[in-house]
2 protein chains.
Amino acid sequence: MSVTIKEVAERAGVSVATASRALSGGRGVRPANRERVLRAARELEYEPNAVAAALRSRTTNSVGIVVPRISNPFFATLVEAVEREAARGGRGLLLSTSRYDPEVEAGQLKSLLDRRVDALIAVPCHSERSRAAIEAAGQRVPTVQLDLCLDGGGGSWVGVDSEAGILSAVEHLVGAGARTLAYVGSEPTDSSAQARLDGYRGAAPLCPGGTDRVLLGDFSLEWGHRAARRLLENRRELPEGIVCGNDTIALGVLRELARNGVDVPGRVMVTGFDDIPFAELAEPPLTTVRQPLEQLAAEAVRTLATRLGGGEEPHRRVAIAPELVVRGSTRA
Amino acid sequence: MSVTIKEVAERAGVSVATASRALSGGRGVRPANRERVLRAARELEYEPNAVAAALRSRTTNSVGIVVPRISNPFFATLVEAVEREAARGGRGLLLSTSRYDPEVEAGQLKSLLDRRVDALIAVPCHSERSRAAIEAAGQRVPTVQLDLCLDGGGGSWVGVDSEAGILSAVEHLVGAGARTLAYVGSEPTDSSAQARLDGYRGAAPLCPGGTDRVLLGDFSLEWGHRAARRLLENRRELPEGIVCGNDTIALGVLRELARNGVDVPGRVMVTGFDDIPFAELAEPPLTTVRQPLEQLAAEAVRTLATRLGGGEEPHRRVAIAPELVVRGSTRA
DNA sequence: GACATCACGGTAATCGTTTACATCCCCGGC
DNA sequence: GCCGGGGATGTAAACGATTACCGTGATGTC
């Protein structure tokens with residue numbers, strides 16, 4: 001069917017060994033021979049069979065990634081950055097989604113391992129029920145947890161320093177004059193939700209007034225709506241600053257406040273977390289904690305690369321400090 | 001290193017051939033032997049090497065996809081749907097991005113072919129300069145163009161019926177009382193831009209008043225802003241309906257109109273195209289033409305599946321009719 | 001001139017499966 | 001009792017590269 005290295009070798013008048021050497025790097029081959037091989041390959045329109053190469057060399061030049069979903073812009077951007085980083089190193093990216101189901105996630109990981117990816121990047125969809133599969137994978141190939149991580153740590157991880165991010169949001173709100181705060185976030189079912197909540201509780205003392213209103217639901221727009229309605233029940237006690245666990249919640253909150261004629265940022269200031277693309281399109285544009293996605297992806301791939309380079313490195317845990325992006329939903 | 005089928009066969013007391021047959025389907029193996037093989041595999045924690053299987057069987061059970069970018073929510077959703085569809089069939093998904101660069105796109109396609117994907121799905125980033133690479137790929141494996149397509153057709157394609165979509169938007173606007181229309185879209189550098197523009201021109205006669213204002217730029221928010229400013233220059237000639245080439249443009253237009261105190265939908269009605277997630281979060285929520293992404297993905301995979309099934313089918317071109325979603329930016 | 005060294009190139013083993021083909025056995029029909 | 005057929009199994013040849021190992025000739029050194 002397709003032309004093999006054997007035919008290239010024949011046409012160039014050398015052995016397959018020499019042809020192989022010439023085609024991959026060309027070290028230890030006389031320039032004249034190298035040229036003849038390359039020309040023969042070109043003339044025959046030779047297309048190397050990466051599968052065969054992978055079998056023999058025991059490396060597929062590919063990395064697998066499993067994320068909860070791609071339609072979430074946050075993960076999409078992350079995947080894009082990882083893809084670019086991988087492509088730069090000549091590696092392919094095998095993408096899977098877990099749909100927030102640990103069983104599916106385990107199956108996807110297994111499938112990726114069967115396909116012999118050189119390394120794995122995973123966003124564990126559950127801080128406990130993802131453990132078995134991810135640790136098993138870590139036994140077989142370099143594996144790094146991205147963004148979320150397993151409870152209790154264990155294995156490499158690259159993510160953002162959520163506590164620091166929330167802290168900067170709280171500092172900003174207090175600095176801008178907010179005397180009372182509330183937190184609207186998600187139940188701590190994953191490590192980010194947990195860390196953000198911890199961050200809020202840790203930063204609360206900075207605010208002299210009240211900070212005791214903590215509403216926990218999930219990371220959805222609807223929860224933002226509901227939480228805002230709850231805060232609006234007693235108009236007088238409406239906090240002057242609302243720290244949200246992510247941008248989606250914050251957009252929900254903003255919307256509900258607008259519907260009820262509450263002035264943002266005049267009466268209430270709102271902050272989000274992530275800096276999804278719509279954050280700056282909101283009305284008013286949302287002040288938020290930006291996730292340094294490019295950096296996260298680059299760091300994740302770098303972590304894997306050093307592990308692939310043969311170093312039996314100890315596990316790394318990298319927390320990158322995020323940056324506060326101030327927009328119209330808070331006063332400067 | 002890892003356990004091979006040979007060891008499984010030994011433990012089960014059969015030949016590797018029988019072990020292989022038992023592990024894949026189990027047809028032509030006595031139930032007793034089948035059981036013993038499966039048990040041995042379980043006990044040894046055998047993990048099949050998909051690379052070796054792929055080499056011998058000449059099929060990798062994987063499909064490649066190349067899209068311009070994944071951070072675009074439209075493509076992200078598409079990729080997600082394709083991933084789900086592929087996973088359902090036990091196939092892996094190799095993801096690449098072209099970053100709207102035909103050269104990069106060609107390189108990615110070649111890399112995927114080297115990896116011997118069974119089939120390819122591509123969103124050609126340029127209607128002409130993508131041609132060579134995509135046609136070359138089509139020679140080697142079943143290939144389907146998704147969403148966008150090459151100029152002049154050729155090869156299989158699955159996408160949305162843009163003309164019909166724009167037509168339904170125009171009909172809706174006219175039905176809601178708009179007497180003058182304008183179109184804000186992208187220069188026809190890709191097939192969708194072209195089809196939507198054609199759609200507008202085709203539908204224009206439905207509107208008794210003027211429809212001659214056609215502003216062409218690119219598919220960006222900024223272009224939406226600029227185009228709206230241009231329309232606002234002469235306030236009296238502001239059209240009563242603005243048909244936008246996609247949602248991003250429409251959001252830009254909405255925003256600029258809001259800044260200038262124009263009542264939407266009272267004075268002007270606006271429609272988008274795509275139905276990206278933020279469309280319903282806009283203020284007012286955007287009436288738009290929804291792309292049936294799940295259907296597109298399913299249809300694309302189905303197209304490939306029939307081609308993989310051995311059928312030397314002629315090329316298929318499938319245009320799915322989109323659905324108009326009416327929201328607050330137009331009057332019902 | 002002898003010998004160690006070195007760069008290059010060829011032969012063949014190898015990676016872990018699938019599968020073509022041969023073999024064997026059992027059964028039923030005549 | 002013989003033969004044909006079919007199902008289960010084993011043997012071994014692929015699949016298409018990489019690479020361990022060895023041979024060869026050139027070169028350098030003494």
Side-chain angles (χ1 to χ4, degrees), chain A residues 1-38 40-41 44-62 90 92 111 113-118 140-141, chain B residues 1-38 40-41 44-62 90 92 111 113-118 140-141:
Chain A
M1 191 70 57
S2 66
V3 18
T4 73
I5 201 175
K6 199 171 146 200
E7 303 166 52
V8 172
E10 265 166 26
R11 183 176 185 110
V14 299
S15 72
V16 291
T18 301
S20 171
R21 284 188 277 254
L23 288 168
S24 54
R27 288 159 51 93
V29 178
R30 216 171 8 192
N33 274 344
R34 207 172 72 86
E35 269 319 308
R36 283 169 48 201
V37 171
L38 294 183
L44 293 175
E45 298 187 5
Y46 168 67
E47 317 233 3
N49 184 327
V51 174
L55 176 58
R56 171 63 225 232
S57 66
R58 301 169 141 290
T59 147
T60 52
N61 281 314
S62 63
S111 164
L113 287 174
D114 287 352
R115 295 190 140 87
R116 295 299 191 268
V117 292
D118 294 337
R140 317 217 332 111
V141 298
Chain B
M1 189 69 56
S2 66
V3 18
T4 72
I5 201 174
K6 201 171 143 200
E7 304 167 52
V8 172
E10 266 167 24
R11 182 176 186 112
V14 300
S15 71
V16 292
T18 302
S20 171
R21 284 187 276 254
L23 288 168
S24 55
R27 288 161 51 93
V29 178
R30 217 172 10 183
N33 274 344
R34 205 171 72 86
E35 269 319 307
R36 281 163 57 194
V37 170
L38 294 184
L44 294 176
E45 297 187 1
Y46 167 67
E47 316 234 4
N49 184 327
V51 174
L55 175 58
R56 171 63 226 229
S57 66
R58 303 168 139 291
T59 148
T60 52
N61 280 314
S62 63
S111 165
L113 287 174
D114 286 353
R115 295 191 140 85
R116 296 300 193 267
V117 292
D118 294 337
R140 319 219 328 110
V141 298

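Residue numbers begin at 1 in each chain, while the letters A, B, ... track the order of the sequences.
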Below 4.5 Å, heavy atoms only, C-beta onward: do [X] and [Y] meet side chain to side chain?
X	Y	result
A/R116	B/S2	yes
B/D118	B/V141	no
B/D114	A/E47	yes
B/R21	B/V37	no

query = 5'-most contact on DNA chain D: B/R56 or B/T18, nearest heavy atom basis?
reply = B/T18
message = If you assign A/V16 and B/S15 each to the DNA chain D nucleotide with the nearest heavy atom, which residue ends up on the more 5' nucleotide?
response = B/S15
message = Any side-chain to backbone donor/acceptor pair from B/E35 onto B/A32? Under 3.5 Å, distance only.
response =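 Not a single qualifying donor-acceptor pair exists.
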request  = Could you tell me whether the side chain of B/R36 and the main chain of B/A12 form a donor-acceptor pair under 3.5 Å?
outcome  =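 Side chain of B/R36 to backbone of B/A12, a donor-acceptor pair under 3.5 Å: yes, one is there.
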How close or far is atom [atom2] of [N] from atom [atom1] of [X], stated in whole angstroms?
X	N	atom1	atom2	result
B/R116	C/dT17	CZ	P	21 Å
B/R27	D/dT9	CZ	P	15 Å
A/N61	D/dA17	CG	C1'	13 Å
B/L23	C/dT17	CG	P	9 Å
B/K6	C/dT17	NZ	P	11 Å
B/D114	D/dA17	CG	P	10 Å
A/R58	C/dT17	CZ	P	10 Å
B/L55	C/dT14	CG	P	17 Å

For [X], report the nucleic acid contact type (base, sugar-phosphate, nothing); a contact means any heavy atom under 4.0 Å.
X	value
B/A53	sugar-phosphate
B/V14	sugar-phosphate
A/V29	sugar-phosphate

So which nucleotide from [options] ends up closest to the side chain of [X]?
X	options	answer
A/A17	C/dT11, C/dG16, C/dT18	C/dT11
B/N49	C/dG16, D/dA17, C/dC8	C/dG16
B/S57	D/dT19, D/dA17, C/dT19	C/dT19
A/R21	C/dA20, C/dG16, D/dA20	D/dA20

Below 4.0 Å: OP1/OP2 of [N] and any side-chain N or O of [X]:
X	N	answer
A/S20	D/dT18	yes
B/N33	D/dA8	no
B/T4	C/dG16	no
B/R30	D/dT9	yes

